[in-house]
Structure formats: structure tokens, C-alpha cells
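In what follows, a structure is listed as C-alpha cells, so that the remarks can point back to it.
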Amino acid sequence: MTPGGTKIEDYAFLSDTQTGALVSRDGCVDWLCFPRFDSPACFASLVGAKENGRWFFHPDEKIERTRRRYRDGTLILETEIETKSGAVRLIDFMPPRGENPDIIRIVEGLRGKMSMHMELIIRFDYGRMIPWVRRRDDALEAIAGPDGLVLRTPIETYGKDLTTVAQFTLKEGERIPFVLTWFPSHADPPRVVNPEHALRDTAEFWNDWSSRFKRTGNWDEAVVRSLITLKGLTYAPTGGIVAAATTSLPEQIGGVRNWDYRYCWLRDATFTLYAAMQSGYREEAESWREWLLRAIAGSASQMQIMYGVRGERRLEEYEIPWLAGYENSKPVRIGNAASNQFQLDVYGEVLGAMYYAHHSGIENREEDWRLQVNLVEFLESNWDQPDEGIWEVRGGRKHFTHSKMMAWLAFDRAVKLVEKCGCSGDQHVERWKKIRDQIHAQVCERGYNAAKRAFTQVYGSDALDASLLMMPLTGFLPATDERVRGTIEAIERELMQDGLVLRYRPQQEHVDGLPGREGVFLPCSFWLADCLHLVGRKKEARELFERLLTLRNDLGLLSEEYDPIDKRQLGNFPQAFSHVALVNTARILGEDAVLPPQDD
């Protein structure tokens, strides 16, 4: 837990659809990056100590009870704090971006009379830089390097030990606002924001957006909350979706499996497009598709597996020594070296996304199709190479069965885009079909272990890998195939912990080149529910899905992994991949569920 004793699942998520903040159950903002998701944090106590930056409101007497909720259909957080003397409500939100990003906190008296304390510790550059603070035009201005923050509130503040503090008393019915706004330090501070108008506008934005959800009656509350979370993880100017709002929240407490997830993975494309289109969000699907095409534009040989929110390619990884890490989980990393890896599966995911988008009415333009043809032509000469695989291992390239399966998907969808969607390329089709069939035969021969009666992680291996649950979901083999059934059953036997699914067993296989273990991987557990449904074990599928829903925190949020021993969430938070998997599984298990198009 953080120095304040906060578990990962005890955080709430705020967003203005360009950056995000995490707020603890007791009302402390422990993580905030301005002005973008991947900008240096100005509050970094989440992965450090309070001296690395936070914004905290608390009563001067003992707290007897707290409770919180999001306003329905929004990312407006309400936290109620009760003491013997009274009760207050913190209303926290980030207005969808205007010219400058804001985080607004309104403290409202609910009952009695309560004395409150505010503590604002601003530390730019991931908790390192102490700002120059001055008063200017009835506001408090903090500046260091390129960054500036201005705090506006009717309450008097003062400095103490390099911290801005305030003391105030609230009676029932009173509301006191605090508005913190970022601006580039070379510019004048931004205009004054009316906090009540901003609250109204933010509520209208989110209510309008969530009202477009196509309800089915099947787990609608969980699905719409996941979709709101995905919208909050979207960088609105480009349509890119970051994998999570944080960096270096650990996959094992105290371990080194700590990564920066504030970037956009191509892998998310198929899953996100499907979730958005199925749920009535065509505009978001189109924006994500356009981001993807812009990001991968250029030489097919230079396509990366991830990019920055604007399509940046240089995501160099380095460590920050001055941050202690979440619960001493070191190192804290910025950037992600996996951006330089070769991963075959992304070619399948890109072509799969393009095929599904076209099938759903977002047609392939000729210039888009030319780019995709270049990708397939590059894959023709490289599909048989080893790669780092879907799990971005750091133990060397191997012939991963999942990677080859996804290379098959790339050729399969390219053929279908020509034959069924009218894209030009008749001169390529026969060659692509031949390669597609060659890959399929190779995977079935070299990726299948007859002794285990299952497909395995690597050609010629005995190790299992939960990514192979994607076989029936991609259409590589039908769920009725005995090899698919055998793989599902083997994963249930060997990769399950407390009824949930591990990606693989790193401590046994040493495939990822890292020490230690990790928790169960939540998207893989959703995939198992999908497969159980497809093989006719529908009752078990629903039971697993509903078990997964209980792992969400009280606000409906999920991280990447879960520790079934300590009963807590692990990894970066909130995690887009987990929420996309939730949405798609709800659709598959629903009465009207259909899979993304495979064969007509």
C-alpha cells in the first residue's frame, strides 16, 4: 500500500479525456500528470511518499465513516466523510478539456459543523522539483521549469514546510470550491473557472455520452461503467487509448515487474473497436481506427507495437531513483522498452481491426488499404521469424504459438478484405491464401502437443499459455475442435489459481527473463469465460464472469491483475485491457451476443 495505506483498488479515477488522476478512498489525490497522460506527474505519492506530491483534504477529528460513488453515467466522484461533529462531501472532477486542464474539488457541508484541513504538496517532474510559489491576482501560482499550476479558492491559504495549507470550517449547506489549473510557465495564467458551471458542464458531457450506450439488459451497469472508464482513458485530440493511467504499479508487491502503461498499444485495436461498435460508440471506434492508421503510417518494417498518445515512436525506458515505488516495488519506470520489440501478433490485430471496422460500416479507403497491403507484404517475409510475443517477454525471441496464430489472422483478414469487402488486390489473394494455409498447418503441427492434448506456448514446448484461449475467438479453429477443447481443459488444470487464469507460469518457464511471480491476469480470465460459453458450458461461463465482476472495486474499476492469495488488485490502474475484455465478454455471454465476423 502507499504511505497512506491505500490499496490499488481503493483508488478512484478522474479524467478530462486527455489526462487522469487517482483519488484515494479518504480523498487524497496521489497521482496526477499534467497536461497529458504521459506527462511528468505533479502528484506522485502513489509511487513514492507524500513529499513527492499530493492534494489532501481531511477533517481535524477522527473519521467515523467514509463512502463514495460516481454520479450515475459520469466520472464525477463524490466522497462523503463523517465524524461525530458532522459530515461533508468532496465533489471531485476534471472538466473535459478546454484550453487548460483543471482538477476541481468542491467541499460541501452535509450535516453539523466540521473543521477541515487542506494540504497541497506540488512537486513537478515526478515528485522531484519543488516549485517557486507566489501570490498573483488573488490566486496562488506555482512554477518550476516548463510547468505552472494556479490554485484559486475563496479560502485563505498559507505556506508551511514547502507545503500549501488551509484551515476552514463548513456548516450544512455551504460549498467551498478549489480549482487547480495547469498552464505552460512561460504563458499568463489561464482565465478564472467558475467551478459550479464547470460541474454542470461536466455532468452534461458525461450524461450525454453514457446515454448513447446500447443497453441489452445483460450486466448493463458493469458494461457502461467500463465504457466510461475507456472513454476516460482516451486522449481525445487523437483518439488513442492509453493502456492505463499510471506507471509502475506492480504485478507483484515488492517485485520488479513494474511498467509504464501510459501509452497506446496496437493490440487493443481489435478488442476496442469491437467493444465500441457493439455498444453504440461508432465515433470513438472511428477515432481509434484513425489514430491506429496514423501511428503505423510509414515503412511496414518500422511498425511498433505501441506508440505515444499522438503517435510518438520514441518511448525510451529509464528508471527514477528518487521514488521509492508503490509499497517499495522498485524500480519506478518511465517509458517502455517493449516499444522496440518485434511482435508478430500486432499484424493480425491491425488487419483484424480493419476487417471488423469495414464489416461494421467504417469502410476502408484506398489509401488505408495500401498501407495494410504493405503490412501484409512485410509479413510475407517475416511471419516465420521468432518474436517476443503478446506478453512482451524480455528473455529472448521464440516461436510463440499465439504469434503464429495471429500471423494467420493477418493473412486471413487480408484475403477477406479483398474477397468480401471489395478491396483491390486480386493479384495477391492466391499467394496470401497459400501462406495462410501454410501457417495454419504449421501451428497445428508444431504448436500442438499431443501428449498434453493442448496447444502450447512455444513450438515444441510443454508449457501452456492462456493467450491460446483466443483460438476460437479469432476463428483459427472452432470451439468444437477437440484440440481447442483440450487446450481449454489443460489451461483449467495447469494455469488456474483460485478459479482464475494465469497468463503462464513465469517462475517455472523463465520465458520472460524476469524474477518473481505475478497475479492472475484478468483479461485471460474473461477469455476463459468466453471459451466456456462457446463450448456449451454456459452456466460455468456466467459463474466465472460474475466472479470476475466481484473483483471490481466499489466504483466498478479493474487493474490488470489480481492476487488471489492476498485478495487484492495488482498492476497499473485502471486497466483498459481488463475493461475491454469485460465489455466483450458481457456481449458474448448475452442472449444477443455475436463474435466479431470471421467466416460468412
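Side-chain atoms are counted along with the backbone in the values below, which use heavy atoms only and exclude waters and symmetry mates.
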N/O donor to acceptor pairs below 3.5 angstrom from side-chain atoms of residues 157-166, sequence neighbours left out:
{"from": "Thr157", "atom 1": "OG1", "to": "Arg135", "atom 2": "NH2", "distance (Å)": "2.7"}
{"from": "Thr163", "atom 1": "OG1", "to": "Asp161", "atom 2": "O", "distance (Å)": "3.3"}

Please list all pairs passing the salt bridge (Lys or Arg N to Asp or Glu O under 4.0 Å) test where one or both residues lie in residues 237-249, with sequence neighbours left out.
-> none

Sequence neighbours excluded, which residues qualify as salt bridge (Lys or Arg N to Asp or Glu O under 4.0 Å) partners of Asp125?
-> Arg128

Could you name each residue pair satisfying salt bridge (Lys or Arg N to Asp or Glu O under 4.0 Å) that touches residues 204-229, not counting sequence neighbours?
-> Arg212-Glu284

Can Arg67 and Asp554 be counted as an ion pair, charged N to O under 4.0 angstrom?
-> no

Pairs involving residues 106-117, ordered by first then second residue, that meet salt bridge (Lys or Arg N to Asp or Glu O under 4.0 Å) (sequence neighbours left out) | Arg89-Glu108, Glu108-Arg175

Can you list every ring pair (Phe, Tyr, Trp, His ring centres under 6.0 Å) pair that touches residues 52-77, not counting sequence neighbours?
-> Trp55-Phe57, Phe56-His58, Phe57-Phe178, His58-His117

For Thr17, which residues count as a side-chain hydrogen bond (donor to acceptor under 3.5 Å, both in side chains) partner, sequence neighbours excluded?
-> none

Residues forming a salt bridge (Lys or Arg N to Asp or Glu O under 4.0 Å) with Arg152, sequence neighbours excluded | none

Salt bridge (Lys or Arg N to Asp or Glu O under 4.0 Å) with Glu286: which residues, sequence neighbours excluded?
-> Arg282

Pairs where residues 208-248 contributes a residue and the test ring pair (Phe, Tyr, Trp, His ring centres under 6.0 Å) is met, not counting sequence neighbours = Trp209-Tyr281, Trp219-Phe545

Pair Tyr11, Asp30: side-chain N/O donor-acceptor within cut-off below 3.5 Å | yes

Which pairs count as salt bridge (Lys or Arg N to Asp or Glu O under 4.0 Å) when at least one residue sits in residues 237-246, sequence neighbours excluded?
-> none

With sequence neighbours left out, what residues match Glu141 under salt bridge (Lys or Arg N to Asp or Glu O under 4.0 Å)?
-> Arg134, Arg136

